[in-house]
Amino acid sequence: MTFEEKDIIYPPVHPGTDRTFIRFYSDEPDLNSIFYTGDKDSQPQRIFVTDTAVGSLPATRSFIDFFRGEDFSHPKIEAGFVGKRGKDVLVILGAGEPFKTIESVLTIIKAALDNNGQRSAVFVGIGGGVITGMTAFAASIFKRGAHCELVPTTLLSMVDAAVGGKTGCDFDAYKNMIGSFFPAQKIHIIPSFIQSLPQHEYRSGMAEVVKTALLYSPELFEKLEKYPQILEDRKNPLVEEAIKICVNAKATVVEQDLTEKNIRMQLNLGHTFGHALETMAGLGVVTHGDGVAWGMARAASLAERIGLCTKEYSERVKMCLASFGWEIEPVHPAMKEKYKNDEEIASLLFNAMKKDKKNSSSKVRFVLQENVGETVITEVEEKEVMEVLK
Ligand SMILES: NC(=O)c1ccc[n+]([C@@H]2O[C@H](COP(=O)([O-])OP(=O)(O)OC[C@H]3O[C@@H](n4cnc5c(N)ncnc54)[C@H](O)[C@@H]3O)[C@@H](O)[C@H]2O)c1
């Protein structure tokens with residue numbers, strides 16, 4: 001067969017997605033003052049998206065109430081609610097990973113369409129990683145690309161999920177199978193939002209903090225090693241310091257490699273094991289952060305097993321994770337509860353890892369560490385992986 005070829009070269013498609021302004025706020029959350037100051041006629045239409053839990057917080061209530069109009073007296077914030085404030089729209093979705101579905105994304109799109117949303121509209125996700133990821137995804141596909149701003153309200157979404165333009169939802173029991181790269185134009189980080197987080201969600205976010213410290217900040221890792229009590233001490237200034245260090249570290253990485261062709265892959269430390277655990281335990285059973293923390297312990301054992309790091313380093317990482325209360329044993333209790341046999345558990349996890357979108361051959365690619373700040377990406381044989389899973 002013969003053929004002729006022609007390339008078409010384009011300028012970047014989405015104006016406004018080539019840079020992200022990140023603003024750190026030091027006071028209590030006040031969404032009205034962020035979004036409703038200045039000349040309202042010159043504002044584009046906003047499609048605000050949140051979930052029932054975030055919409056019920058005292059910190060967001062005065063903002064949400066503006067959209068409730070006739071429903072103002074209705075005490076409950078319900079999933080499926082769509083309200084208006086002038087030309088702006090608010091959509092409330094169900095809370096948590098089980099709602100990270102294509103149906104939720106379509107609910108956002110439908111609310112925008114029903115309210116005459118244009119491509120100039122700004123989709124604003126106010127919530128944890130589930131809401132920020134789906135809102136940004138909806139923005140990326142709405143009329144071939146609208147605009148996006150994010151207000152991350154969990155520790156995890158502040159330090160990780162909202163930064164870096166990965167958007168999407170789960171599909172068919174597999175995490176993040178549908179999505180796009182679509183950086184937000186603005187990210188509003190209000191650390192005081194974390195004060196209302198349930199403890200397990202705060203701990204989940206802290207796992208990404210420890211991950212980022214292991215990857216990019218030996219100083220922060222040392223501070224966390226010395227002070228695992230940070231888990232009971234959210235008002236400690238170290239929390240805000242850690243948020244800033246993590247956001248800056250992630251920003252530096254995604255600036256160089258937005259679409260995860262090379263160094264961004266490092267951010268998946270602990271994630272290959274962690275995603276497999278989240279998937280096989282049943283989405284939502286193990287929090288993302290708890291999965292990543294267990295995954296980092298497994299990654300440390302795997303690095304030690306294949307001779308990449310010393311036993312001392314592997315032990316140091318696991319001791320730190322254990323001091324935060326994370327599971328570091330090869331067989332996670334959530335798997336023990338669901339499946340009987342350790343061999344079966346190891347096989348199920350390995351197969352889930354192979355299916356993960358980041359793997360193309362029968363080997364599995366892992367992010368492993370030689371030391372704090374010294375990270376390598378390497379493919380590992382099934383036999384070695386299975387050994388650290390049982
Ligand atoms: N895009 C990325 O680069 C990236 C990175 C890491 C994680 N993620 C994704 O992020 C998701 C996890 O995010 P998450 O941990 O924020 O979970 P989440 O969004 O489900 O939020 C956890 C729970 O906390 C509630 N909540 C949120 N803010 C609150 C607050 N201030 N006070 C009280 N409750 C609050 C939510 O309603 C939800 O019930 C996963 O789906 C994961 O795949 C994406």
Side-chain angles (χ1 to χ4, degrees), residues 20 28-29 31 49-61 77 79 92-101 104-105 125-137 140 148 150-171 174-184 187 189-209 211-212 234 246-247 250-251 253-254 257-260 264-271 274-275 277-279 283-284 286-293 295 356-357:
T20 301
E28 293 300 304
L31 298 175
V49 183
T50 193
D51 67 28
T52 47
V54 177
S56 305
L57 294 173
T60 59
R61 272 315 271 270
I77 302 289
I92 298 182
L93 301 171
E97 192 73 32
F99 293 91
K100 195 176 168 184
T101 60
S104 294
V105 175
I126 304 166
V130 167
I131 289 296
T132 56
M134 289 196 299
T135 306
F137 181 47
S140 77
C148 178
L150 299 174
V151 184
T153 61
T154 60
L155 179 58
L156 187 140
S157 59
M158 289 178 203
V159 298
D160 194 1
V163 183
K166 275 193 188 176
T167 84
C169 61
D170 303 330
F171 186 69
Y174 287 96
K175 279 186 63 67
N176 302 331
M177 279 294 141
I178 303 176
S180 59
F181 287 99
F182 198 78
I187 304 174
I189 296 185
I190 311 169
S192 53
F193 258 123
I194 66 167
Q195 299 307 329
S196 55
L197 279 179
Q199 180 61 16
H200 67 280
E201 298 296 352
Y202 173 61
R203 198 177 64 172
S204 174
M206 199 48 80
E208 296 285 5
V209 172
K211 178 202 81 177
T212 310
R234 300 180 197 193
C246 293
V247 170
K250 184 152 185 194
V253 172
V254 297
D257 179 26
L258 177 68
T259 54
E260 203 171 293
R264 186 171 181 166
M265 286 181 202
Q266 293 178 351
L267 294 167
N268 291 319
L269 177 65
H271 282 60
H275 275 171
L277 173 65
E278 277 184 86
T279 300
L283 291 184
V286 177
T287 63
H288 180 72
D290 285 356
V292 168
D356 193 293
K357 60 191 175 302

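As the structure is a prediction and not an experimental result, all values here were calculated from the model. The basis for the numbers below is simple: all heavy atoms, side chains too, and nothing from hydrogens, waters or symmetry mates. Every number for a ligand or one of its atoms is a count from 1 in the order of the listing.
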CA sep, side-chain torsions, deciding dist, call: L57, F193, side-chain contact (heavy atoms from CB on, under 4.5 Å): CA-CA 9 Å; L57 294 173; F193 258 123; 4.2 Å; yes
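- For F137, there are no ring pair (Phe, Tyr, Trp, His ring centres under 6.0 Å) partners, not counting sequence neighbours.
- Sorted by chain and number, the residues within 4.0 Å of ligand 1 by heavy atom are D51, A53, V54, L57, A95, G96, E97, K100, G128, G129, V130, T153, T154, L156, D160, A161, K166, K175, N176, F193, S196, L197, P198, E201, K250, H288.
- One side chain, K100 or N176, offers a donor N or O that lies under 3.5 Å from an acceptor on the other.
- Under the salt bridge (charged side-chain N to carboxylate O under 4.0 Å, His left out) criterion, the residue pairs touching residues 192-204 are R203-D290, with sequence neighbours excluded.
- Contact record, V130 with G96: CG1-O, 3.8 Å, taken as the closest heavy-atom pair.
- Checked against side chain to side chain contact (heavy atoms under 4.5 Å, CB included), F99 has the following partners two or more places apart in sequence or in another chain: S104.
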